[in-house]
J.: 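One structure follows; several queries about it will come next.
Only a predicted model underlies this, so the values are computations on that prediction, with no experimental measurement involved. One-based numbering, in listed order, for ligands and for the atoms of each.
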Amino acid sequence: MTRRPLLAGNWKLHLGPGAARSLAAAIAAKVGDVAEVDVAVFPTALAVPAVVEALRGSMIGVGLQWASPHAQGAYTGTNSSVLAREVGCSWLLAGHSEVRRDLAEDDARVRSSVLGGLDAGLLPMVCLGESLEERRADRVEDVITRQLAALYDGLPADRAAVLTLAYEPLWAIGTGETATPDQAQAVHALIRGWLADRFPAFVAAETRVLYGGSVKPSNAAELLAQPDIDGALVGGASLDAESFAAIVNAAR
Ligand code: PEP
């Protein structure tokens, strides 16, 4: 089967509601009606309602960058998938390495956040990836399979098939250094093989595995041309409408 490419912009802790609304409108003007690929953006939580409004009527989805597994209650300082859905999100980012690093998110918490997202009807996009030290120590396969095992343990195939994965080597995020197409393809093939060994064939066939790590207009096409790379999660370059639109167009 052919997987529909998915291009996502992670706006991190950039852009308040006004600036996020403007960027969303500029992106929508360029690629808001593309039919051949899916597009999503992840603004800061405070800018989500403004971005949802700016993108109404376009094909571009909006997501939350992090969610507690709890729907609501005495969990001060957090956000939930249920409330994200209420304000118009369709996506949930989970396991981003900056959250793992800064908020001590571990594999178990990533999994519970993902389960909460699934329960709320969001589409989770889960980040995986190794550090430079782990790559140098030849531990890429160990790290990726550990993250996959923690995420998918006991998940029935119909729920597993809803997840999107994003392979994001930590050494390539925000550094300007990108995995080569061969390096990325090797890990994407490993991920698809892991899914194929554990689930009925449709899960590996349907799961989109995005690449993330310094994707820009100049390197997007060769990464996206790899057979197991189904799109990109884009940080820095997604903050510029022209660059992000160029990356979306590279996938068409
Ligand atoms: C990201 O934040 O997920 C990311 C890949 O960032 P960048 O494209 O800036 O490396």
J.: Can you list the atoms of ligand 1 that are under 4.0 Å from a heavy atom of G236?
T.: 7 (P), 8 (O), 9 (O)

J.: Does some side-chain heavy atom of V51 sit less than 4.5 Å from a side-chain heavy atom of R21?
T.: no

J.: Can you name the atoms of ligand 1, numbered from 1 with element, that are less than 4.0 Å from a heavy atom of G174?
T.: 7 (P), 9 (O), 10 (O)

J.: Find all atoms of ligand 1 within a distance of less than 4.0 Å from any non-hydrogen atom belonging to A172, and give their numbers and elements.
T.: 10 (O)

J.: Looking at atom 5 (C) of ligand 1, what's its closest protein heavy atom, distance included?
T.: E168 OE2, 3.1 Å

J.: With nothing but distance in play, are any N or O atoms of T175 less than 3.5 Å from an N or O of ligand 1?
T.: no

J.: What protein heavy atom lies closest to atom 4 (C) of ligand 1? Include the residue and the distance to one decimal.
T.: G235 N, 3.6 Å

J.: Among protein heavy atoms, which sits nearest to atom 1 (C) of ligand 1, and what does the distance come to when rounded to 0.1 Å?
T.: H96 NE2, 3.3 Å

J.: With heavy atoms of S214 as the reference, note each atom of ligand 1 found under 4.0 Å away.
T.: 7 (P), 8 (O), 10 (O)

J.: Looking only at the side chains, is there a donor atom on one of Q147 and D107 sitting less than 3.5 Å from an acceptor on the other?
T.: no

J.: What about E98: any of its N or O atoms under 3.5 Å from an N or O on ligand 1?
T.: no

J.: For A204, does its backbone N or O pair with a side-chain atom of T207 as donor and acceptor, under 3.5 Å?
T.: no

J.: When clusters are formed from ILVMFWY side-chain contacts under 4.5 Å, directly or step by step, what else is grouped with L103?
T.: W66, V99

J.: Could you check whether the rings of F42 and W91 sit parallel, tilted or perpendicular, using 30° and 60° as the cut-offs?
T.: perpendicular

J.: K216 near ligand 1, heavy-atom distance under 4.0 Å?
T.: no

J.: Is there a polar contact between ligand 1 and I173, counting only N or O atoms under 3.5 Å apart?
T.: no

J.: Quick check on G213 - does any of its heavy atoms sit under 4.0 Å from an atom of ligand 1?
T.: yes

J.: Counting from 1, what ligand 1 atoms have a heavy atom of N10 closer than 4.0 Å?
T.: 1 (C), 2 (O), 3 (O)

J.: I'd like to know if the side chain of R111 reaches the main chain of L151, judged simply by a donor and an acceptor atom lying under 3.5 Å from each other, with no hydrogens or angles considered.
T.: yes

J.: Identify, by atom number and element, the atoms of ligand 1 in contact range of L233, meaning under 4.0 Å from any of its heavy atoms.
T.: 3 (O), 5 (C)

J.: In the hydrophobic cluster built from side-chain contacts under 4.5 Å, what are the other members alongside L132?
T.: W171

J.: Looking only at side chains, do Q183 and Y211 share a donor and an acceptor under 3.5 Å apart?
T.: no

J.: If you apply the rule salt bridge (Lys or Arg N to Asp or Glu O under 4.0 Å), what do you find for D230 with R4, and how did you get there?
T.: CA-CA 7 Å; D230 307 312; R4 199 176 150 79; over 6 Å; no

